[in-house]
Colleague: 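The following block contains the structure, expressed as structure tokens.
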Amino acid sequence: MTRSQDPKSHLVALFQHAASQFAKAEHLSIELERPKQASHGDFACNVAMQLAKALKRNPREVAQSIIASLPASDLVEKTEIAGPGFINIFLKPAAWQNVALQTLQAGEEYGRSGVGQGKKVQIEFVSANPTGPLHVGHGRGAAFGASLANVLGHAGYQVQREYYVNDAGRQMDILALSTWLRYLSLGNQFVPFPANAYQGDYVSAMADSIFALHGERYMRLAAAVIANVPDAASDPEGHLDALIANAKNLLGADYAYVHGHALEEQLGDGRNDLTEFGVIFDTWFSEKTLHESGLIDKAVKQLQQHGHIYEQNGALWFRSTVFGDEKDRVVLRENGIYTYFAADIAYHLNKFERGFDRVIDVWGADHHGYISRVKGALTAAGADPDRLTVTLVQFAVLWEGGQKKSMSTRSGQYVTLRELRHEVGNDACRFFYVLRKSDQHLDFDLDLAKSQSNDNPVYYIQYAHARICSVLSAWGGIEADLVDANSARLQHPQELALLRRIAEFPETVAAAARDLAPHSIAYYLKDLAAELHGLYASCQFLVDDEELKLARLSLIAATRLVLRNGLALLGVSAPERMSREAARPGAETPPAEIGSTQQNLA
RNA sequence: GCCCCCGUAGCUCAGUGGAUAGAGCAUCCCCCUCCUAAGGGGAGGGUCACACGUUCGAUUCGUGUCGGGGGCACCA
């Protein structure tokens, strides 16, 4: 057996060979686990217990036979039968010693695997309405989606990152109206501002800029704006819709300017915010183009042809109950406007047509009832719903001073993503956001995220990286030469423990991709950093023994590489120095007051 | 009412069906003449909510109960 592979793949091949003597290969999967206890070896295999029943033999006896059939390997020190029938494998130090050099050779590629087989995956995330600043909830979706996309890419998928822009709906009309009403007040045309319109300061700011750019061009009489509008108190939604209709009539072709201005401002703001956060999209997909290109008509017709559409009360309904939904859903409203759902069906059919092997949607947990509906529509249209995976991201709750920061849509109070980033810094934001499983509520501890102390896991990991940089710089040699180090000199238990941990990185990335679970990268990095700090405390690197020094430096250089690669997957920087001055978040931008409030209707 | 998520140490949470269930924080004790102490070592702390089932083996899978959170629009 060759040893060009990593130790684990090597062992899997050995066991595959041995076990095939006793059972058909397709009936068993060789699983090697890393025992929690060092006394149980480097790996443990449970295949004997799996086979025992079929063979009607004692598991320990089966284990004995399997061991006897294992091909010889120059990596294996010894094997043991333990407990109910585990085969514990102890590897020779050489199995791990090579890991450091292999890592250095792989460089930025280390951790990459081919489990994705080059398949095309699209991941759509954030997709917030461009009706106001992104808030901390969007931030979690952004951090999760961006990290997951990186992980999938590193696991060998071709990833496309997409943001779906809701630029066609009623919410955008409400934003345009809100902006226009603020603008009118600048010309002393006062229309009572509806409570259910967008209240935020950013709306007034847009009105100011329109007034500065175009003066009175869009000014109309307040009396005309409120003509024939239902009472706001008794019919708030009808009131709003009538104001929008009046705005469209009074402005004519100019309405598109106000609408477009508001859209561009908010979309641009969100894009800048995300870019500063390290979240970059390949595609910004406009909902409006679905309407204009007739794709929605086409999608609904497609459903119609399959007999899943009926008319009732002047609207067109999709018979989603056939596909497990609780009730049928409207696709074309009585007023002749397609619902968001109709656009979404067309959007997902379009995604499929673009040739992705797999499509992943990252949605807020409040959309969970929507999954069966979309999948049902895809099925009804003759598409394979299993190509779509919807991952729900639960809400994030901010805690400060032991108090939950109340952020309810109802009270119109929330903290923006930008405020959070300026308060705690991008690195801590990105890291804390992915520190929990996505389907779990996240308690975001602001005090901890802000603390520049050993309690803060971000600094703990970054410090490990900075420590290595510091040692290598104190050494002052040529780092490229470290690949020639004699790794056989790495004998210390702490050194071997660190090597084992480094070897786990590729499979950790692969598992994170498989489970759509970038949080496991964060946990891995904490473990890796702990291992490094442990070694730091027990071994001197810059020793007189030149050969040993180079071997140890090659080990920490490899560790640094894994820390860098791992942090990069999470969008967290790997600083070469940690100084409390420089680490202050938002040094380039003044920290925003985090308690400030914004109105949010979306 | 129906659906989704969760229940693991005092707190916040990890834990591909495996052996004596882990980490950080908090509490207590110890370690800088030395490459950054933003670090390391040690101690205490558990009925993995509960019951039944599946099996060689269950914190993990299934069913049910209890408890917490969220969602159920001709909104997006």
Side-chain angles (χ1 to χ4, degrees), chain A residues 31 33 35-37 39-40 44 46 49-50 52-53 58-59 82-86 88 127-129 131 166 168-172 174 237 287 312-317 324-327 329-335 337-341 343-344 364-372 392 394-395 397 399 435-443 445 448 451-464 466-475 507 511 514-515 519-520 522-523 526-527 529-530 532-543 553 556 577-580 583 601-602:
Chain A
E31 284 173 24
E33 58 163 28
K36 290 161 192 161
Q37 287 183 76
S39 63
H40 291 153
N46 64 359
M49 290 179 283
Q50 283 184 52
K53 194 179 185 187
N58 178 308
F86 288 102
N88 292 339
S127 299
N129 279 343
T131 53
N166 299 121
R170 177 169 179 263
Q171 296 304 321
M172 272 309 301
I174 297 174
E237 297 308 316
E287 179 191 357
Q312 187 182 312
N313 302 332
L316 288 185
W317 296 70
D325 202 358
E326 299 162 352
K327 58 175 291 225
R329 308 290 173 174
V330 171
V331 287
L332 184 63
R333 285 196 285 262
E334 194 181 0
N335 62 11
I337 297 172
Y338 283 115
T339 58
Y340 176 89
F341 179 42
D344 233 0
D366 52 332
H367 287 62
H368 95 84
Y370 199 67
I371 299 173
S372 60
L392 297 179
Q394 294 283 344
F395 300 114
V397 178
W399 290 79
L435 200 49
R436 296 283 170 264
K437 283 185 286 199
S438 58
D439 60 5
Q440 193 135 292
H441 295 266
L442 169 67
D443 284 321
D445 186 337
L448 183 58
S451 81
Q452 294 174 28
S453 73
N454 49 355
D455 303 349
N456 192 327
V458 187
Y459 291 122
Y460 182 81
I461 296 166
Q462 289 181 323
Y463 179 49
R467 269 187 144 172
I468 295 169
C469 291
S470 171
V471 173
L472 289 173
S473 126
W475 167 57
E507 62 196 84
R514 181 196 61 209
D515 302 335
H519 76 278
S520 50
Y523 281 92
K526 284 208 283 188
D527 290 340
L532 184 278
H533 288 310
L535 176 66
Y536 192 98
S538 53
C539 288
Q540 185 83 12
F541 303 117
L542 301 176
V543 292
L553 291 176
I556 63 170
R577 265 188 303 280
M578 302 290 281
S579 70
R580 288 190 160 83
L601 287 173

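Residue numbers begin at 1 in each chain, while the letters A, B, ... track the order of the sequences. Only this structure's heavy atoms are used, side chains among them; waters, hydrogens and symmetry mates stay out.
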Colleague: Using a 4.0 Å heavy-atom cut-off across all strands, classify A/D325 as base, sugar-phosphate, or nothing.
Modeller: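 It contacts nothing in the nucleic acid.
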Colleague: Checking side chain to side chain contact (heavy atoms under 4.5 Å, CB included) for the pair A/D439/A/L392: CA distance, chi angles, key distance, verdict?
Modeller: CA-CA 6 Å; A/D439 60 5; A/L392 297 179; 5.7 Å; no
Colleague: Of the nucleotides B/A19, B/A38, B/A76, which has the atom closest to the A/A82 side chain?
Modeller: B/A19
Colleague: Contact class for A/E237 vs. all strands (heavy atom < 4.0 Å): base, sugar-phosphate, or nothing?
Modeller: nothing
Colleague: Are any of A/K437's side-chain N or O atoms less than 4.0 Å away from OP1 or OP2 of B/C6?
Modeller: no
Colleague: If you look at every strand shown and take non-hydrogen atoms under 4.0 Å, does A/H367 touch a base, only sugar-phosphate, or nothing?
Modeller: base
Colleague: For B/A76, does either OP1 or OP2 sit under 4.0 Å from a side-chain N or O belonging to A/R333?
Modeller: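 Looking at the OP1 and OP2 atoms of B/A76, one of them is under 4.0 Å from a side-chain N or O of A/R333.
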Colleague: For the side chain of A/N46 and the base of B/G18, is some donor closer than 3.5 Å to an acceptor across the two?
Modeller: yes
Colleague: Between B/C28 and B/G44, how many Å separate the two C1' atoms, rounded to a whole number?
Modeller: 8 Å
Colleague: Classify the side chain of A/H368 versus the base of B/C5 as yes if they form a donor-acceptor pair under 3.5 Å and no if they do not.
Modeller: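 Donor-acceptor pair under 3.5 Å: no.
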Colleague: With a 3.5 angstrom cut-off on both distances, give the Watson-Crick or G-U wobble partner of B/A51, or none if there isn't one.
Modeller: B/U63
Colleague: Of all the nucleotides listed (B/A37, B/C74, B/G18), which has the minimum atom distance to the side chain of A/Y536?
Modeller: B/A37
Colleague: Can you tell me, in whole Å, how much space there is between the P of B/G1 and that of B/U20?
Modeller: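 After rounding to an integer number of Å, I get 42 Å for this pair.
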Colleague: Would you indicate which nucleotide in B/C35, B/C56, B/A37 comes nearest to any side-chain atom of A/L542?
Modeller: B/C35
Colleague: Going by the angle between their ring planes, with limits at 30° and 60°, are A/Y370 and A/F341 parallel, tilted or perpendicular?
Modeller: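 Because their plane-to-plane angle is over 60°, the rings of A/Y370 and A/F341 count as perpendicular.
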Colleague: Between B/C13, B/G40, B/A14, spot the one nearest the side chain of A/D443, thanks.
Modeller: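 When the side chain of A/D443 is considered, B/C13 is the closest of B/C13, B/G40, B/A14.
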Colleague: Between B/G57 atom C1' and A/N58 atom CG, what is the distance in whole Å?
Modeller: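 Answer to the nearest Å: 14 Å.
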Colleague: Map A/R329 and A/K526 onto RNA chain B by nearest heavy atom, then report which one ends up closer to the 5' terminus.
Modeller: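 Whichever sits nearer the 5' end wins; that is A/K526.
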Colleague: Which whole number of Å gives the distance between the C1' atom of B/G18 and that of B/C75?
Modeller: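 It works out to 49 Å between them.
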Colleague: Using the P atom as the point on both nucleotides, what is the distance between B/C11 and B/U55, in whole Å?
Modeller: 37 Å
Colleague: Within the structure, does a side-chain N or O atom of A/R170 lie under 4.0 Å from either OP1 or OP2 of B/C74?
Modeller: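 Result: no.
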Colleague: Measure the distance between the ring centre of A/H40 and the centre of the six-membered base ring of B/A19, then answer whether it is under 5.5 Å with planes under 30°.
Modeller: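 Aromatic stack with B/A19 present for A/H40.
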Colleague: Please pick, from B/C35, B/C5, B/A38, the nucleotide with the shortest atom-to-atom distance to any side-chain atom of A/V471.
Modeller: B/C35
Colleague: Atom CZ of A/F86 and atom C1' of B/G57: how far apart are they, to the nearest Å?
Modeller: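 So the two atoms are 8 Å apart, to the nearest Å.
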Colleague: Relative to the 5' end of RNA chain B, which residue comes earlier, A/S520 or A/R436, by the nucleotide with the nearest heavy atom?
Modeller: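 This one resolves to A/R436.
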Colleague: Please tell me which of the listed nucleotides, B/C5, B/A73, B/A19, lies nearest to the side chain of A/D439?
Modeller: B/C5
Colleague: Between A/L435 (CG) and B/A23 (C1'), how many Å, whole number?
Modeller: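 Those two atoms, CG and C1', are 11 Å apart.
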Colleague: Looking only at heavy atoms, which two atoms of A/S127 and A/N166 are closest? And how far apart?
Modeller: O-OD1, 3.6 Å
Colleague: Using a cut-off of 4.0 Å on non-hydrogen atoms, how would the nucleic acid contact of A/Q440 be classed: base, sugar-phosphate, or nothing?
Modeller: sugar-phosphate
Colleague: With both distances under 3.5 angstrom, what nucleotide forms a Watson-Crick or G-U wobble pair with B/U20?
Modeller: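 Base-paired to nothing in any strand shown.
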Colleague: Would you verify whether the NZ or CZ of A/R467 falls within 45 degrees of the ring axis of A/Y536 while also being under 6.0 Å from that six-membered ring's centre?
Modeller: yes
Colleague: Is there a Watson-Crick or G-U wobble partner for B/C25 with both distances under 3.5 Å, and which nucleotide is it?
Modeller: B/G10
Colleague: Do A/S372 side-chain atoms and A/D325 backbone N/O form a donor-acceptor pair below 3.5 Å?
Modeller: no
Colleague: What's A/H533 touching, base or sugar-phosphate or nothing? Going by heavy atoms closer than 4.0 Å.
Modeller: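 Sugar-phosphate, no base atom in range.
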Colleague: Return the pairing partner of B/C2 with a 3.5 Å limit on both distances, Watson-Crick or G-U wobble; otherwise return none.
Modeller: B/G71
Colleague: Any base atoms under 4.0 Å from A/A343, or only sugar-phosphate, or nothing? Heavy atoms, all strands.
Modeller: nothing
Colleague: Could you tell me how far B/C74 sits from B/G70 if I compare only their P atoms? Round to whole Å.
Modeller: 23 Å
Colleague: What form does the base of B/C5 take, syn (within 90° of 0) or anti?
Modeller: anti
Colleague: In whole angstroms, how far is the P atom of B/C3 from the CG atom of A/L392?
Modeller: 17 Å
Colleague: Would you kindly give the NZ-to-C1' distance between A/K327 and B/C2, to the nearest whole Å?
Modeller: 14 Å
Colleague: Once you apply a heavy-atom cut-off of 4.0 Å, does A/A464 come out as touching a base, just sugar-phosphate, or nothing?
Modeller: nothing
Colleague: Using a cut-off of 4.0 Å on non-hydrogen atoms, how would the nucleic acid contact of A/N335 be classed: base, sugar-phosphate, or nothing?
Modeller: nothing
Colleague: CG of A/D366 versus P of B/G70: gap in Å, rounded?
Modeller: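 One finds 12 Å between P of B/G70 and CG of A/D366, rounded.
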Colleague: Using atom C1' in both nucleotides, what's the gap between B/A26 and B/G68 to the nearest angstrom?
Modeller: 24 Å
Colleague: Does the side chain of A/Y460 get closer than 4.0 angstrom to OP1 or OP2 of B/G40 through an N or O atom?
Modeller: yes
Colleague: Kindly determine whether A/I556 and A/F541 satisfy side chain to side chain contact (heavy atoms under 4.5 Å, CB included), including the steps that lead there.
Modeller: CA-CA 9 Å; A/I556 63 170; A/F541 303 117; 3.6 Å; yes
Colleague: When the P atoms of B/A14 and B/A9 are compared, how many Å lie between them, rounded to an integer?
Modeller: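 Result for the P pair: 13 Å, nearest Å.
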Colleague: Could you tell me whether A/Y340 contacts a base, only the sugar-phosphate backbone, or nothing, with contacts defined as non-hydrogen atoms closer than 4.0 Å?
Modeller: base
Colleague: Whole Å only: how far is the CZ atom of A/F395 from the P atom of B/C6?
Modeller: 15 Å
Colleague: Could you please name the option among B/C72, B/A76, B/A14 that lies closest to any side-chain atom of A/T339?
Modeller: B/A76
Colleague: Determine whether a donor-acceptor pair (N or O, by modelled atom type, separation under 3.5 Å) exists between the side chain of A/N129 and the backbone of A/T131.
Modeller: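 Not a single qualifying donor-acceptor pair exists.
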Colleague: Within the 4.0 Å heavy-atom criterion, would you say A/C539 contacts the bases, only the backbone, or no part of the nucleic acid?
Modeller: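 Result for A/C539 = base.
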Colleague: Between A/E507 and A/R514, does any side-chain N to carboxylate O distance fall below 4.0 Å?
Modeller: no
Colleague: Which part of the nucleic acid, if any, lies within reach of A/Y523 when heavy atoms closer than 4.0 Å are counted: base, sugar-phosphate only, or nothing?
Modeller: sugar-phosphate
Colleague: Under 4.0 Å, counting only non-hydrogen atoms across every strand here, what does A/Y370 touch: a base, just sugar-phosphate, or nothing?
Modeller: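 Base, at least one base atom sits under 4.0 Å.
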Colleague: Considering only the C1' atoms, how many Å lie between B/G15 and B/C56, rounded to the nearest integer?
Modeller: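 B/G15 and B/C56 have their C1' atoms separated by 23 Å.
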Colleague: We want to know whether A/D443 and A/W399 form a side-chain donor-acceptor pair, criterion being a heavy-atom distance below 3.5 angstrom.
Modeller: yes
Colleague: Determine which nucleotide pairs with B/A38, using a 3.5 Å limit on both distances of a Watson-Crick or G-U wobble pair.
Modeller: none
Colleague: Give one of base, sugar-phosphate or nothing for A/A315, where a contact means two heavy atoms less than 4.0 Å apart.
Modeller: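 Contact class for A/A315: base.
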Colleague: Nearest to the side chain of A/Q540, heavy atoms from C-beta on, is which of B/A19, B/C34, B/A38?
Modeller: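 Output: B/C34.
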Colleague: Counting N and O atoms only, with roles assigned by atom type, does the side chain of A/H40 sit under 3.5 Å from a partner on the main chain of A/F86, one being a donor and the other an acceptor?
Modeller: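 It does not hold such a pair.
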Colleague: Write down the distance between NE2 (A/H441) and C1' (B/G71), rounded to a whole number of angstrom.
Modeller: 11 Å
